[in-house]
Novice: 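Sharing a structure below in structure tokens format, with a few things to ask.
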Amino acid sequence: MNNERYNTDKKLILKASDISKSYSSDKNRIKVVDNYNIDLFSSEFVSLTGPSGCGKTTILMIIGCLLKPDHGTVEIDGLDIYSMNSSRIAEQRSKKIGFIYQDFKLIPYLTIKENILCSSLINDVVNLEDKANDLILRLGLNHRVNHRPEQLSAGEKQRTAIARALLMEPKLIIADEPTGNLDKKNSSIVIEALKHYSDEGACVIMVSHDEDVKKSSDRHIQMDPI
């Protein structure tokens, strides 16, 4: 497995050092990640690839403050995340990280606009309707604003998920195969939207086997099984 350290003049957003993680299988422990290092910086779009089982999802969960490593540290803006209690970890995650998934994870009984505004409710932030409207317009969803997810195409669902992730303007976007269920046209829209967001100062890290993602990225990381 490659360990990624990257020298840049850009601002360091996340630093993961000596990360190791194992899972139980019957009576055995299977190590998935072993002493892995990765630095993520502002204004960069990072593509992450590797074969199934190499630890990509595990790394995303660890840097996304969703899974504590067996060993190692994750620092966001200089804060040691896993030294905090669970409520403070959740607070840092909700304020600084946005997630985009292959299967969208939209709430089926809410409209598109309500789905987008969900993150503001979680963070107890008000008066973000204008921001939501701007994202809806930029992502070409203005004709679907009062529709529910079941009434949308796959591309429209993913654009809704992107708008939801961007609403709170997180410093880090973690995208796990967001173009996996999309056609070429919608994949290009997703890549362009996330690339634009990274150009504005955030970091986007995307797991994808799409060559267009790799070509659009500022940096490519190849993970290999340990």
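Keep in mind that what you see is a predicted model, and the values were worked out from it rather than measured.
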Novice: If we count only N and O atoms by modelled type, under 3.5 Å, do the side chains of Glu192 and His196 hold a donor and an acceptor together?
Specialist: no
Novice: Could you check whether Glu156 pairs with Arg144 (Lys NZ or Arg NE/NH1/NH2 to Asp/Glu carboxylate O, under 4.0 Å)?
Specialist: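 Salt bridge present between Glu156 and Arg144.
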Novice: Are side-chain N/O atoms of Thr49 and His209 paired as donor and acceptor at under 3.5 Å?
Specialist: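 On atom types as modelled, these side chains do not qualify, holding no pair under 3.5 Å.
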Novice: Any donor and acceptor pair, going by atom type alone, linking the side chain of Asn115 with main-chain N or O of Leu106 inside 3.5 Å?
Specialist: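 Flag not set: sc Asn115 to bb Leu106 has no pair under 3.5 Å.
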Novice: Could you tell me whether Lys214 and Asp210 have a side-chain N and a carboxylate O separated by less than 4.0 Å?
Specialist: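 Looking at Lys214 and Asp210, the cut-off is not met.
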Novice: Going by an N to O cut-off under 4.0 Å, is there a salt bridge joining Lys184 and Asp212?
Specialist: yes
Novice: Any sub-3.5 Å donor-acceptor pair from Arg148's side-chain atoms to Thr111's backbone N or O?
Specialist: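 Side chain of Arg148 to backbone of Thr111: no pair is present.
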Novice: In plain terms, say whether Glu211 and Lys215 are close enough for a salt bridge, that is, a side-chain N and a carboxylate O under 4.0 Å apart.
Specialist: no
Novice: Looking at Glu44 and Arg219, is there a salt bridge between them, counting it only when a charged N and a carboxylate O are closer than 4.0 Å?
Specialist: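 A salt bridge links Arg219 with Glu44.
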Novice: When you compare the side chains of Lys157 and Asn181, does any donor N or O come within less than 3.5 Å of an acceptor on the partner?
Specialist: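 No, Asn181 and Lys157 have no side-chain donor paired with an acceptor closer than 3.5 Å.
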Novice: Checking Thr58 against Tyr23 for the side-chain hydrogen bond (donor to acceptor under 3.5 Å, both in side chains) test, could you report, in this order, the C-alpha distance in whole Å, the side-chain angles of both residues, the deciding distance, and whether it holds?
Specialist: CA-CA 10 Å; Thr58 297; Tyr23 297 101; 3.0 Å; yes
Novice: So, do Ile205 and Ile173 sit near enough that their side-chain heavy atoms are less than 4.5 Å apart?
Specialist: no
Novice: Checking Asp34 side chain against Ser20 main chain: does a donor-acceptor pair fall under 3.5 Å?
Specialist: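 Not confirmed, Asp34 side chain does not pair with Ser20 backbone.
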Novice: Would the distance check show the side chain of Lys21 and the main-chain N or O of Asp70 forming a donor-acceptor pair, the cut-off being under 3.5 Å?
Specialist: no
Novice: First locate atom CE of Met168, then atom SG of Cys118, and finally report the distance between them rounded to the nearest 0.5 Å.
Specialist: 12.5 Å
Novice: Ignoring hydrogens and angles, tell me if any N or O in the side chain of Thr179 forms a donor-acceptor pair with the backbone of Leu182 under 3.5 Å.
Specialist: no
Novice: Determine whether a donor-acceptor pair (N or O, by modelled atom type, separation under 3.5 Å) exists between the side chain of Tyr82 and the backbone of Glu75.
Specialist: no
Novice: Considering all heavy atoms of both residues, which atom of Leu117 and which atom of Ala132 are nearest to each other, and what is their separation?
Specialist: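 Answer, listing the atom of Leu117 first, then Ala132: CD2-CB, 3.8 Å.
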Novice: Determine whether a donor-acceptor pair (N or O, by modelled atom type, separation under 3.5 Å) exists between the side chain of Ser42 and the backbone of Lys11.
Specialist: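 It does hold such a pair.
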Novice: Can Arg29 and Ser22 be counted as having a side-chain donor-acceptor contact under 3.5 angstrom?
Specialist: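 Short answer, no.
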Novice: Output the distance between atom CZ (Phe41) and atom OG (Ser198), rounded to the nearest 0.5 Å.
Specialist: 14.5 Å
Novice: Please answer whether the main-chain N or O of Arg88 pairs with a side-chain N or O of Glu91 as donor and acceptor at a distance below 3.5 Å.
Specialist: no
